[in-house]
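On a predicted model such as this, the values are computed, not experimentally measured, just so you know. Counting from 1, the numbers follow the sequence of the chain as shown.
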Amino acid sequence: MKRFIAILMTLIMVLGLSSVGVWADEATWQEETPMPTAKYEHTSVVWNDKIYTIGGASLGGVNLSKLEIYDTTTKTWSTGAPMPTARIGMASAIIGDKIYVMGGSLSGTYLNKLEIYDPVTNSWTTGASMPTARYIPQAAVIDGKIYLIGGYNGSSMNTVDIYDPVKGSWSSGKAMNTARYYHTASVVDDKIYVMGGYNTSTRVLSTVEIYDYKSNNWTSGTPISKAKSQMGSAVHGKKIYLVGEYDGTSRANSVEIYDTETDTCATGISLPSILSWETASVVGNKIYAIGGYDGSIRNTVLSLSLERAPESPSQPLNLTATGGNSVVDLSWGSVSGAESYTVKRSLTEGGPYTMIADGVTDTTYSDTDVDNGTTYYYVVTAVSAGGESENSNEASATPQASTSSGKALLVITMTNGLEKEYDLQMSEVNNFIDWYDSKAAGNGQGYYTISKTFNLGPFMTRTDYLTFDKIQNFEVMQYN
């Protein structure tokens with residue numbers, strides 16, 4: 001995934017992700033391989049699943065030109081060609097395969113420089129200078145153009161400058177309603193969401209402004225939970241994640257989730273310690289917090305899974321067991337999301353059970369490793385990537401040698417005391433017994449039909465419909 005947008009210390013955005021950003025069940029922030037250089041007020045972008053950290057300030061406030069690259073797959077760091085101008089507080093963005101780094105400060109001087117990095121050739125070029133030098137701006141990409149938003153040049157700014165990489169030139173955009181710096185800017189569904197930051201008059205902000213480039217208009221969104229600045233920001237799906245903060249007095253380890261679909265805020269899983277001035281990036285299903293300041297300059301890399309862990313499937317229902325000659329046939333209801341089923345057996349009602357088959361992909365199974373006359377007890381579980389379900393209901397059966405030959409008298413006593421007697425082939429009696437067992441287990445139709453062949457009189461057929469819940473008991477008397 002190459003189309004990502006990065007913002008000074010705060011914004012890395014992933015465009016085109018379809019999954020909804022959620023916190024994984026029982027997830028925690030994990031420490032990954034530290035950066036080679038501790039830094040803050042740097043910027044980061046994502047290209048080809050690698051995080052490019054650029055510039056910033058190191059120990060002693062030294063301005064950096066370093067480009068350090070984190071491979072999220074191998075969890076290793078490498079270095080790229082250094083940026084031509086060492087600086088802090090710049091914005092960055094990606095269009096195509098080029099990384100654009102804009103503005104910032106060098107030894108107290110505000111810069112209007114635009115420098116462009118090509119990760120394919122590992123080389124830098126210089127672009128058209130920005131209309132206004134600025135420190136701590138934010139950048140966002142819409143429709144192939146870079147929107148450089150706000151910043152500081154002696155006072156907070158509300159101006160928006162637009163860079164067209166095709167023309168290689170700048171133009172003016174519609175200004176924000178509120179001047180700010182140390183804010184965040186994020187793009188979701190072709191809208192720019194600007195959050196928090198500092199204003200030189202009103203100080204720390206909680207306001208949210210939303211820019212619709214199609215109508216060229218700024219509107220207000222629901223404010224974030226508190227006034228804050230210097231937080232990292234990243235986008236996953238329709239949600240914006242604000243990581244860490246500085247509220248003008250103290251830093252915090254907070255994580256806040258802004259849902260652009262509902263215009264609401266929720267609390268996420270807190271960082272392991274207080275943090276500000278870090279960058280936040282999303283790669284695949286993880287959010288990364290890199291570097292920053294917590295009273296000292298940090299080189300830590302923290303990651304947190306944004307995908308919910310797969311859930312185990314539901315337990316199978318309506319398990320039935322039917323005994324035959326040296327076989328027990330099992331059947332159960334299908335389970336949504338199940339990849340396979342595991343069949344377990346016991347010689348004791350209630351278990352413990354021993355697995356006799358796994359990887360079963362159908363909802364039936366025939367157990368042929370049985371002895372006639374022995375009663376077996378079965379349960380079935382469903383299996384998916386999320387794990388194994390609880391046991392199904394228990395079903396039992398006793399396999400018997402075939403008794404399908406010969407005939408028998410089937411005497412059925414109804415609940416009202418009436419007896420019905422039928423002279424049938426043994427195979428017909430077995431069919432009745434199978435129906436009765438299946439219905440007792442909760443399956444099958446509610447009645448059984450027996451055709452009478454005697455006393456037809458003027459009728460072509462006579463059929464008895466025996467309702468299951470009206471049967472009290474029955475007796476089978478076999479004869480040759």
Side-chain angles (χ1 to χ4, degrees), residues 4-12 34-47 50-70 77-95 98-139 146 148-154 157 161 163 170 181-182 230 232 275-281 289-294 296-301:
F4 295 83
I5 301 167
I7 306 294
L8 157 71
M9 306 170 302
T10 57
L11 175 65
I12 308 288
M35 279 191 298
T37 307
K39 65 184 73 171
Y40 68 104
E41 289 204 81
H42 53 295
T43 189
S44 297
V45 295
V46 176
W47 186 79
K50 296 179 181 179
I51 303 173
Y52 289 67
T53 64
I54 306 166
S58 65
L59 296 172
V62 176
N63 290 178
L64 300 172
S65 61
K66 289 184 177 182
L67 169 57
E68 296 176 328
I69 306 164
Y70 186 60
W77 286 91
S78 60
T79 58
M83 186 168 50
T85 306
R87 47 183 150 160
I88 62 173
M90 55 284 188
S92 60
I94 282 186
I95 296 180
K98 300 293 192 298
I99 299 171
Y100 297 79
V101 181
M102 297 151 281
S105 173
L106 174 61
S107 302
T109 300
Y110 306 127
L111 304 175
N112 65 350
K113 290 180 176 292
L114 166 61
E115 293 174 337
I116 306 166
Y117 177 73
D118 186 333
V120 176
T121 62
N122 187 32
S123 61
W124 290 86
T125 56
T126 300
S129 297
M130 296 153 42
T132 306
R134 61 179 80 186
Y135 164 65
I136 315 292
Q138 306 295 341
I146 300 172
L148 192 64
I149 303 166
Y152 184 85
N153 64 355
M157 305 170 64
D161 292 327
Y163 181 73
W170 292 88
Y181 62 102
Y182 281 138
Q230 299 178 9
L275 191 63
S276 66
W277 275 336
E278 84 286 3
T279 59
S281 309
I290 298 180
Y293 186 82
D294 64 354
S296 61
I297 303 173
R298 297 179 54 169
N299 67 343
T300 53
V301 177

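The aromatic rings of Trp124 and Tyr117 sit tilted, their planes meeting at an angle between 30° and 60°. The aromatic rings of Trp77 and Tyr70 are tilted relative to each other, their planes meeting at an angle between 30° and 60°. Below 30°, between 30° and 60°, or above 60°: for Tyr135 and Tyr110 the angle between ring planes is below 30°, a parallel geometry. Ring pair Tyr182/Trp277 is tilted by interplanar angle, where 30° to 60° counts as tilted.
To the nearest 0.5 Å, atoms CE (Met102) and CD1 (Ile116) are separated by 9.5 Å. To the nearest 0.5 Å, atom CD of residue Glu41 and atom OG of residue Ser105 are 8.0 Å apart.
Minimum heavy-atom separation, Ser123 to Thr121: OG-OG1, 2.6 Å. The shortest non-hydrogen separation linking Ile51 to Ser44 is CG2-CB, 4.1 Å. Pairing each heavy atom of Arg87 with each of Glu115, the nearest pair is NH2-OE1, 2.7 Å. Between Glu68 and Pro36, the shortest heavy-atom distance links the atoms OE2-CB, 3.4 Å.
A 4.5 Å side-chain heavy-atom check between Leu106 and Leu111 finds at least one atom pair inside the cut-off. Taking the side chain as every heavy atom from C-beta outward, Arg134 and Leu148 approach each other to under 4.5 Å.
Screening Asn299, Val62, Leu64 for a side-chain contact (heavy atoms from CB on, under 4.5 Å) with Thr37, the sole residue that qualifies is Leu64.
Side-chain N/O atoms of Gln230 and Tyr40 include no donor and acceptor closer than 3.5 Å. A side-chain donor from one of Arg298 and Thr300 sits under 3.5 Å from a side-chain acceptor of the other.
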